[in-house]
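Okay, so here's the structure we're looking at.
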Amino acid sequence: MVYVNMDEEDPQSDGLASEGQPLFEVSSQSYRSRSINRVRSRSFQDKQQASFISMSTVYLKPETEETKITTLDAIFNTTNIVQGMFMISLPYCILLGGYVALMVIIFGGVVTCYTASLLGSCLYDTLPDGSRVRTRGTYDAIASACWNNRFVANIVILSQLIEGFMACVLFLVLSGSLLNKASPSLDEKFGLGIHTWTMISTFPVVLCILLKDYKIVARTSLWCAVVSVVVNVLILGYCFFKAPNWQFSAVSTYGESYETLPVAIGLIIVSYAGHIIFAPMEGAMADRTKYNKALNWSFSIGTITKALFAWICFITFADNTDEVISNNFEIEWLRITTDIILALKSILSYPLLYLAGVELCENMILSSNDGISPPSLTSTGSLKVSAVGIRICYLIVGLLMALFLPYFAILSGLVGNITGMLISFIFPPLFNLRLNWGRLPLWQKFLDISIIVIGFITSGFGVYYSALALVRAIAADNK
């Protein structure tokens with residue numbers, strides 16, 4: 001049975017429903033009798049609409065006033081994704097891909113903003129009268145609505161799991177590596193290595209096990225944004241200090257070789273890949289009509305910042321550009337300070353993708369008590385013991401992989417070319433075509449199909465050359 005809330009406005013009308021038009025939306029159990037009576041008393045047309053809802057609705061996570069996030073919170077969360085830790089490897093992408101990589105940074109930002117908007121639209125169904133109803137709450141729920149085939153839906157779920165999990169692992173790898181390079185004297189005195197620092201950087205994120213909603217995560221994203229500003233000022237300040245030595249001619253057309261360009265593209269795409277958090281974030285927003293506004297602001301600022309950051313840093317260090325840009329600093333105290341701040345940024349970036357990842361696992365493994373509440377929570381709102389167990393396992397397995405996972409940049413590119421491309425480029429326009437084919441204008445069909453084709457071609461080349469680069473790196477270390 002579907003419970004219908006007639007008192008809210010359409011959160012994403014997109015011109016399909018007039019302002020103030022009532023929204024049919026899944027509500028709580030307390031509305032059951034009232035909703036049934038309302039549906040029974042409606043006209044024949046409205047009964048058809050209610051029937052339409054019942055065929056496509058999945059249970060949605062209810063958001064209370066305490067757990068809802070503001071538009072500014074959503075902007076901070078999205079900015080945390082768009083200007084995440086992978087940004088420090090973007091100058092290295094210019095080394096690998098030249099001006100083509102720089103164009104991909106801009107193109108990737110525009111396309112991933114568009115596909116994130118498509119995901120928000122695909123959470124809704126259009127009723128016969130043109131009004132919109134939010135019938136889905138997660139990325140995989142959209143996939144299930146597109147295909148009854150569980151094999152296809154499982155591919156989507158597996159892609160999400162790998163994408164979110166590998167991002168969490170890479171955050172731990174990077175923070176451990178940065179802290180290790182920032183403390184050479186401690187390493188000499190106490191024998192601390194990168195594995196020890198990786199474990200130390202894991203201690204603060206243990207608190208993520210207790211996370212329940214995106215309201216708290218928005219606060220860590222706020223501090224992450226503050227830290228991002230500080231570290232960008234430090235890095236760009238050093239680059240401007242070196243401005244007399246800028247080498248504009250060092251930027252080639254397509255980088256070192258045609259083999260390194262796909263690796264750069266993968267790195268760039270993974271820096272934008274955070275689409276698994278957009279569906280639950282949209283559902284948690286107090287004003288869902290501002291979802292696209294939050295995306296536009298975050299992606300616009302993030303894309304411009306990334307392009308300028310990558311270009312300025314590369315023309316500063318040219319062919320000596322390192323995978324992690326702070327390694328190029330000649331001033332020791334500045335390099336150490338920057339590394340510590342970057343490690344802090346990595347730790348603050350962790351909770352957002354961690355919560356999205358564990359929620360996906362919990363939705364697969366656990367069941368809700370009432371069919372409406374999140375499966376991780378009891379009827380009193382506290383975390384279930386089983387949910388805590390899943391979160392601990394997720395964290396421990398991620399730590400173990402971080403301890404034995406070198407080649408940060410190459411692995412980031414490989415992940416970006418597989419799951420990042422699927423989650424951010426291919427699936428969203430595919431969902432849109434599948435769910436809304438009859439309502440889409442011809443230009444949008446062509447645009448969506450073009451993005452899918454480009455995504456598959458780029459992913460294929462990227463996987464091949466990223467894997468080749470990884471094999472060569474391993475072989476070189478074993479010599």
Side-chain angles (χ1 to χ4, degrees), residues 1-3 25-30 32 56-64 66-69 77 119 123 134-169 205-217 274-284 350-401 419 423:
M1 178 61 67
V2 172
Y3 310 122
E25 184 177 20
V26 175
S27 183
S28 64
Q29 291 274 10
S30 61
R32 178 172 184 173
S56 57
T57 298
V58 294
Y59 289 114
L60 305 180
K61 176 183 175 180
E63 299 291 342
T64 63
E66 292 76 17
T67 61
K68 285 182 179 180
I69 62 174
N77 281 336
L119 281 179
L123 296 173
R134 191 176 195 271
T135 55
R136 305 169 194 103
T138 61
Y139 198 108
D140 49 298
I142 300 174
S144 298
C146 292
W147 302 284
N148 292 327
N149 190 323
R150 285 306 306 169
F151 176 75
V152 177
N154 286 338
I155 291 177
V156 176
I157 294 173
L158 182 62
S159 299
Q160 290 183 88
L161 282 172
I162 295 174
E163 175 71 15
F165 182 72
M166 286 300 292
C168 289
V169 172
V205 302
V206 170
L207 295 174
C208 294
I209 293 171
L210 304 177
L211 290 174
K212 296 180 183 180
D213 55 69
Y214 287 90
K215 185 74 174 180
I216 299 176
V217 174
H275 286 51
I276 62 174
I277 69 106
F278 290 135
M281 185 187 76
E282 191 269 358
Y350 187 90
L352 183 59
L353 286 173
Y354 174 83
L355 180 58
V358 295
E359 280 189 343
L360 181 60
C361 294
E362 290 162 356
N363 290 336
M364 294 172 57
I365 299 172
L366 305 178
S367 58
S368 175
N369 292 332
D370 54 11
I372 296 177
S373 302
S376 60
L377 302 181
T378 64
S379 56
T380 60
S382 59
L383 283 172
K384 295 179 180 177
V385 175
S386 53
V388 174
I390 291 172
R391 294 173 179 221
I392 292 175
C393 289
Y394 193 93
L395 184 63
I396 291 176
V397 174
L399 173 61
L400 292 175
M401 288 193 66
T419 59
I423 295 295

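What you are looking at is a predicted structure, and each value in this text was computed from that prediction instead of being measured.
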So how far is it from L352 CG to I277 CD1, rounded to the nearest 0.5 Å?
4.5 Å

What residues form a side-chain contact (heavy atoms from CB on, under 4.5 Å) with I162, not counting sequence neighbours?
L158, M166, T419

Quick one: CG on L360 to CD1 on I390, what's the gap to the nearest 0.5 Å?
11.0 Å

Short question: side chain of Y354, backbone of R391 - any donor-acceptor pair under 3.5 Å?
yes

When rounded to the nearest 0.5 angstrom, what distance separates OG in S159 from OH in Y139?
8.0 Å

Are side-chain heavy atoms of L377 and L383 found at a separation under 4.5 Å?
yes

What distance do C393 atom SG and I209 atom CD1 have between them, rounded to the nearest 0.5 Å?
9.5 Å

Are K384 and E362 within salt-bridge range, i.e. N to O under 4.0 Å?
no

Hey, are the side chains of L395 and V205 touching, using non-hydrogen atoms and a 4.5 Å cut-off?
yes

Short question: side chain of R136, backbone of A279 - any donor-acceptor pair under 3.5 Å?
no

Are any non-hydrogen side-chain atoms of L161 and M364 less than 4.5 angstrom apart?
yes

Locate the shortest heavy-atom distance separating Y350 from C208; write the atom from each residue and the value.
CD2-SG, 4.0 Å

For the SG atom of C361 and the CD1 atom of I157, what is their distance to the nearest 0.5 Å?
10.5 Å

Over all heavy atoms of both residues, which pair between C168 and L353 is shortest? Give the atoms and the distance, please.
SG-C, 3.9 Å

Could you check whether any side-chain heavy atom of I216 comes within less than 4.5 Å of a side-chain heavy atom of L355, counting everything from C-beta outward?
no

Which value, rounded to the nearest 0.5 Å, describes the distance between E163 atom CD and I423 atom CD1?
6.5 Å

